[in-house]
Amino acid sequence: IPHSNFRVINQLSELEEKILELGYPVKDVFLKPTVSVGGRGAILVSENIAYYKYERGDSSPKYNLKTIKEMFSKIDQKKFPELIAMEYLTGEYYSVDVLSKKGNVIYSVPKKRIKGNASNTIIGQVDNNEKVLEQAKKACKVFNFSFLQNYEMKMNDNGEPMIYDINPRGGASLAFCKAAGVNLMYYAIKMALGEEFPQDNKIKNNLKMIRGFQEYYENI
């Protein structure tokens with residue numbers, strides 16, 4: 001399965017060497033802890049640390065290698081967190097929710113992120129990209145997955161989708177799938193109970209989702 005180039009970092013002395021192996025400083029490198037939740041701790045390592053308009057709110061924190069080394073040098077080295085340094089994929093991002101049985105895909109919903117952050121899609125669109133669908137199908141088959149799973153991919157410089165994360169659950173935008181014609185969470189529950197559920201629904205291609213946020217207040 002094609003995937004992004006990466007290095008595992010277990011101690012501070014490996015940090016610079018492994019980031020350089022991935023093409024830094026000519027190429028940016030993505031750095032994240034191997035154990036995390038919702039994109040916490042994700043950092044873009046870049047010599048160009050200037051932010052463009054609107055960029056900070058939509059992407060991970062950005063630091064150069066010197067600053068990264070200074071940050072991690074302050075950590076007790078006996079508690080140094082295992083990190084993954086990964087090539088920074090610059091193309092379009094896809095989140096693909098899949099429902100399958102014994103490695104065979106029943107439904108696959110690829111959602112292109114138009115706007116979002118390291119964890120959530122704020123604006124997304126269903127895009128039945130054949131290459132993306134094929135990547136999800138391959139990975140599902142290799143791992144012999146059943147029930148829900150979510151594949152995160154980005155396009156490389158050649159326009160090929162690279163899987164960089166596989167979640168053993170639905171994605172954060174799973175509700176989007178229901179609007180697109182397939183209620184994957186409900187179908188997964190029916191499947192677990194051994195009950196019948198639709199297996200030939202048509203997925204609404206190009207359906208767009210805009211996620212809104214609103215605060216509510218009440219007097220206590």
Side-chain angles (χ1 to χ4, degrees), residues 1-10 30-43 60 81-87 89 91-113 116-122 124-156 160-199 201 203 209 211:
I1 301 171
H3 58 79
S4 54
N5 194 9
F6 70 95
R7 300 288 188 276
V8 177
I9 300 169
N10 289 297
F30 201 69
L31 188 68
K32 58 183 179 179
T34 58
V35 179
S36 183
V37 177
R40 291 173 178 81
I43 298 170
S60 302
E82 185 179 65
L83 303 170
I84 292 179
M86 186 184 79
E87 65 173 316
L89 301 169
E92 291 181 317
Y93 165 93
Y94 285 82
S95 173
V96 188
D97 284 312
V98 170
L99 179 67
S100 64
K101 185 174 183 179
K102 296 182 179 179
N104 296 308
V105 173
I106 301 171
Y107 287 114
S108 184
V109 186
K111 296 157 293 177
K112 180 169 62 176
R113 180 176 290 172
N117 54 38
S119 178
N120 295 306
T121 296
I122 308 302
Q125 184 173 336
V126 176
D127 180 7
N128 286 325
N129 184 304
E130 290 298 328
K131 290 182 178 180
V132 170
L133 287 167
E134 184 60 27
Q135 283 285 67
K137 183 179 178 181
K138 280 183 185 178
C140 181
K141 194 73 174 178
V142 167
F143 290 104
N144 198 36
F145 281 140
S146 292
F147 300 101
L148 288 174
Q149 66 259 205
N150 171 263
Y151 303 90
E152 295 186 71
M153 311 181 198
K154 286 191 80 174
M155 298 297 188
N156 64 11
E160 298 294 329
M162 299 284 110
I163 294 176
Y164 68 85
D165 204 0
I166 299 176
N167 299 296
R169 53 167 173 74
S173 57
L174 188 63
F176 193 1
C177 298
K178 180 183 178 183
V182 286
N183 191 344
L184 295 189
M185 178 64 79
Y186 179 62
Y187 297 165
I189 293 170
K190 297 283 279 185
M191 182 177 162
L193 293 173
E195 299 178 3
E196 297 295 321
F197 62 91
Q199 297 194 27
N201 288 11
I203 295 169
M209 176 195 75
R211 175 176 280 155

Discussion item. Does Phe6 have more than 12 heavy atoms from other residues, nucleotides or ligands lying within 6.0 Å of its CZ?
Written reply: no

Discussion item. Please determine whether the number of non-hydrogen atoms from other residues, nucleotides or ligands lying under 6.0 Å from atom CE of Met185 exceeds 12.
Written reply: no

Worksheet item: Can you tell me if Lys154 uses its side chain to pair, donor with acceptor, with the backbone of Leu89 under 3.5 Å?
Response: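 Confirmed, Lys154 side chain pairs with Leu89 backbone.
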
Discussion item. What verdict does the side-chain contact (heavy atoms from CB on, under 4.5 Å) test give for Ile122 and Arg113, after you've listed the backbone C-alpha separation in whole Å, the side-chain angles of each residue and the deciding distance to 0.1 Å?
Written reply: CA-CA 8 Å; Ile122 308 302; Arg113 180 176 290 172; over 6 Å; no

For the residue pair [X] and [Y], establish whether any side-chain heavy-atom pair is separated by less than 4.5 Å.
| X | Y | value |
| --- | --- | --- |
| Pro110 | Asn128 | yes |
| Leu83 | Val8 | no |
| Ile84 | Leu31 | no |
| Ser95 | Phe176 | no |
| Ser108 | Val96 | yes |
| Arg211 | Ser173 | yes |

Item to complete: With sequence neighbours excluded, tell me which residues meet ring-ring contact (aromatic ring centres under 6.0 Å, His included) with Phe143.
Response: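 Once residues adjacent in sequence are excluded, the partners of Phe143 under the ring-ring contact (aromatic ring centres under 6.0 Å, His included) criterion are Phe145.
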
Practice prompt. Return the set of residues passing side chain to side chain contact (heavy atoms under 4.5 Å, CB included) with Ala180 (not counting sequence neighbours), or none when no residue passes.
Written response: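 With neighbours one apart ignored, the set is Val126, Ile203, Leu207.
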
Item to complete: Using the test side chain to side chain contact (heavy atoms under 4.5 Å, CB included), find all partners of Asn201 that sit at least two apart in sequence or belong to another chain.
Response: Tyr107, Val182, Tyr187, Pro198

Worksheet item: Which residue pairs satisfy the salt bridge (charged side-chain N to carboxylate O under 4.0 Å, His left out) criterion with at least one member in residues 102-111, sequence neighbours excluded?
Response: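 Checked against salt bridge (charged side-chain N to carboxylate O under 4.0 Å, His left out) - neighbours excluded - the pairs reaching residues 102-111 are Asp97-Lys111.
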
Worksheet item: salt bridge (charged side-chain N to carboxylate O under 4.0 Å, His left out): which pairs involve residues 171-190, sequence neighbours left out?
Response: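 For residues 171-190: Lys190-Glu195.
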
Show me the side-chain donor-acceptor pairs of residues 160-169 shorter than 3.5 Å, one per line, residues at least two apart or across chains.
unit_1 : atom_1 : unit_2 : atom_2 : d
Glu160 : OE2    : Lys131 : NZ     : 3.1
Tyr164 : OH     : Glu152 : OE1    : 3.4
Asn167 : OD1    : Arg169 : NH2    : 3.4
Asn167 : ND2    : Asn150 : OD1    : 3.0
Asn167 : ND2    : Glu152 : OE2    : 3.2

Worksheet item: Can you tell me if Thr34 and Glu82 form a side-chain donor-acceptor pair at under 3.5 Å?
Response: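 Looking only at side-chain atoms, Glu82 and Thr34 do form a donor-acceptor pair, the distance falling under 3.5 Å.
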
Discussion item. If you apply the rule side-chain contact (heavy atoms from CB on, under 4.5 Å), what do you find for Lys141 with Ser100, and how did you get there?
Written reply: CA-CA 9 Å; Lys141 194 73 174 178; Ser100 64; over 6 Å; no

